[in-house]
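Input: a single structure, listed below in structure tokens.
This chain uses plain numbering: 1 for the first residue, then up along the sequence.
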Amino acid sequence: LPESEDAVQDELGIEEEASYIISVKNPERGGPRAAGLKEERQAEYPKTLQEIFRDRKFADADPPDFLNHEGTEFLLIGASGDPKEELGITLDAEKESKHSADVFKRMGIDKSERPVKPLFEGEWT
């Protein structure tokens, strides 16, 4: 819910309106030496999430619970085309706060049970 394009969006090349596929990296499969987090900083998933990988290097970020774990590494893949046409939806950019955002309701998340501070106060380092 950024008020304007910030350093994270700019550095990652995330467009104002776009369609992305998100995949999560399996911390047990390793990767190239020069890429990714050191082993001690990688996510540690509960067995139920780790089994979703089925020994593959990546899995869909479904369920989104993967993103609740510190050290999660993910890959954003930009889909081609116009998101309005591709998904059949209109993306309305609005200035929202944690009180007005309906993302929690749409995702079935109870704000009182989840940490929301990182959504509004996270820092890009």
Not counting sequence neighbours, which residues clear side-chain contact (heavy atoms from CB on, under 4.5 Å) with L37? List them please.
-> R41, Q42, E73
Which pairs of donor and acceptor atoms, one on a side chain in residues 45-62, lie under 3.5 Å apart (sequence neighbours left out)?
{"unit_1": "Y45", "atom_1": "OH", "unit_2": "T72", "atom_2": "OG1", "d": "3.1"}
{"unit_1": "Q50", "atom_1": "NE2", "unit_2": "N26", "atom_2": "OD1", "d": "2.7"}
{"unit_1": "R56", "atom_1": "NE", "unit_2": "F53", "atom_2": "O", "d": "2.8"}
{"unit_1": "R56", "atom_1": "NH2", "unit_2": "I52", "atom_2": "O", "d": "2.9"}

Looking only at heavy atoms, which two atoms of A43 and P27 are closest? And how far apart?
-> O-CG, 3.4 Å
